[in-house]
Amino acid sequence: MNAFFAAVEVRDDPTLRNKPVIVGGSGNRGVVAAASYEARVYGIHSAMPSSRARALCPHAVFVDGRHDRYAEVSATIMSIFRDMTPLVEPLSLDEAFLDVTGSYRLLGPALDIARLIRRRVWEAERLHCSVGIATSKLVAKLATEEAKPRVVGRRVEAGLGVKEIPAGQEAAFMAPLPLRALWGVGPRTHDKLMRLGITTVGGLAALPVDVVVAAVGEVNGRHLHTIANAIDDRPVVPDRDVKSISHEITFPDDLVGRDAVRRELVRLSDAVGARLRKAGLRGRTVSIKVRDPAFVTITRSHTLAEATDQSAAVLETATQLLDGVDIDQGVRLLGVGVAGLTSEVNEQLSLDALLNGATQVGGATDRAIDEIRERFGDQAIGPLTLLGSSGLRRLRPGQRQWGPSAPEAGATHDESCDSRPPS
């Protein structure tokens, strides 16, 4: 998808059309999640600090991200992809690999299928996408970038929409591309290869593999040399298993005091537990992530005896982990996650639970809460700790994952935490 988050916002609010739109946290600690092409003209790109983006384009319009809305649109788009082929491997909300080899007889050659996809997405969602066609995932991904609109100077040039690399022309297509186009070439690897006088993918492909290995290491060197020669035999793998479920928050101001941090831990654990149950998953390993004002990040984890989807169990373990972390300097970012996921149900009552007269592990309460939220909305019920002057301060999926928004004038910290009501 082209500038997906920004494009959805402009589609939903036509007053944003032709304006430099930035999706992300507008506060000083926020980051850019997506930028419209009108904003990219000013050099703004994803992962850029919002303060830098504002300096580059003071009149840019910041929009708080709506992860639930993007997921809703993504579901429609992915269903269109699956109408073309069952072999769909989503990479994110706005990107996927499709193996359409088995669809030729029904839908025609790959170029026809690509054009059909673009038309169907436009008809369903009034959004543009770009499609790359090739014999491998690597080259198809790079071809997609060539098909997208591009910024040239102070203007945006329309993209091809579809870019096909015929079989046998993969290496020739990749040769002039810059090194950064390859997966696995970060700043340090790039610098090491530049010292060898290598600036393009073709230059890397021409080097003896032993030279590349000596420069960047055994594993990375052999991998880069292989893909630089357009060799990629990875299949499209549909329905990848979820590895973990987590939430994290970057605060507008550093949280000081263990009680304040624990209150946010309640909010995070409540959100993680709700997502586990909605996905029909349980997890054994609970982790926390704490970043202090000096950007020092600490992670801690603990593996439970039994997998759980209960918010209280996640909170209890996360609290114990937090108790072992020095937070006297304040907390800039806090996160809670659960990994080691399974869909299998294997509950076993503890002796304490039996002595207290329990007939099932405390999931009944969580299920009742989930049913209330399903019927009356996410903000209908929640931990008393999260009740503020503006109501419950629960987290929604993706909320504030790009940092805090600038608070409205006169708003307290408690009131400014939630950036917009749920869709």
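All values below were derived from every heavy atom in this structure, side-chain atoms included, with hydrogens, water molecules and symmetry-related copies excluded.
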Is a side-chain N or O of [X] found less than 3.5 angstrom from the main chain of [Y], in a donor-acceptor match?
| X | Y | answer |
| --- | --- | --- |
| Glu264 | Arg262 | no |
| Arg150 | Gly159 | no |
| Arg275 | Ile245 | no |
| Arg258 | Leu322 | yes |
| Thr285 | Gly340 | no |
| Ser244 | Ala339 | no |
| Asn229 | Ile231 | no |
| Asp254 | Pro293 | no |
| Arg284 | Thr303 | no |
| Arg40 | Ala35 | yes |

Heavy atoms only: give me the nearest [X]-[Y] pair and the separation to one decimal.
| X | Y | value |
| --- | --- | --- |
| Phe5 | Leu93 | CE2-CD1, 4.3 Å |
| Pro149 | Val156 | CB-CG1, 4.3 Å |
| Val314 | Val286 | O-CG1, 3.9 Å |

Q | With sequence neighbours excluded, residues passing side-chain contact (heavy atoms from CB on, under 4.5 Å) with Glu95 | A | Leu91, Ser92, Lys141
Does [X], at its [atom1] atom, have more than 12 non-hydrogen atoms belonging to other residues, nucleotides or ligands within less than 6.0 Å?
| X | atom1 | answer |
| --- | --- | --- |
| Arg180 | CZ | yes |
| Arg188 | CZ | no |
| Gln329 | CD | no |

Taking 4.0 angstrom as the limit, do [X] and [Y] come out as a salt bridge?
| X | Y | value |
| --- | --- | --- |
| Arg66 | Glu9 | yes |
| Lys289 | Glu248 | yes |
| Lys137 | Asp233 | no |
| Glu38 | Lys19 | no |
| Glu146 | Lys148 | no |

Q: Kindly indicate whether a cation-pi arrangement holds for Arg332 with Phe251, taking the cut-offs as under 6.0 Å to the six-membered ring centre and within 45° of the axis.
A: no
Acceptor/donor pairs from residues 78-85 side chains to any protein atom, 3.5 angstrom cut, sequence neighbours excluded:
residue : atom : partner : partner atom : Å
Ser79   : OG   : Thr76   : O            : 2.5
Asp83   : OD2  : Arg120  : NH2          : 2.9
Thr85   : OG1  : Leu87   : N            : 3.0
Thr85   : OG1  : Asp99   : O            : 2.8

Q.
Show every ring-ring contact (aromatic ring centres under 6.0 Å, His included) that has at least one partner inside residues 124-152, sequence neighbours left out.
A. Trp122-His128
Q. Once you round to the nearest 0.5 Å, how far does OG of Ser301 lie from CG of Leu321?
A. 7.0 Å
Q | Test item: side-chain donor near acceptor, Arg277 and Ser311, under 3.5 Å | A | yes
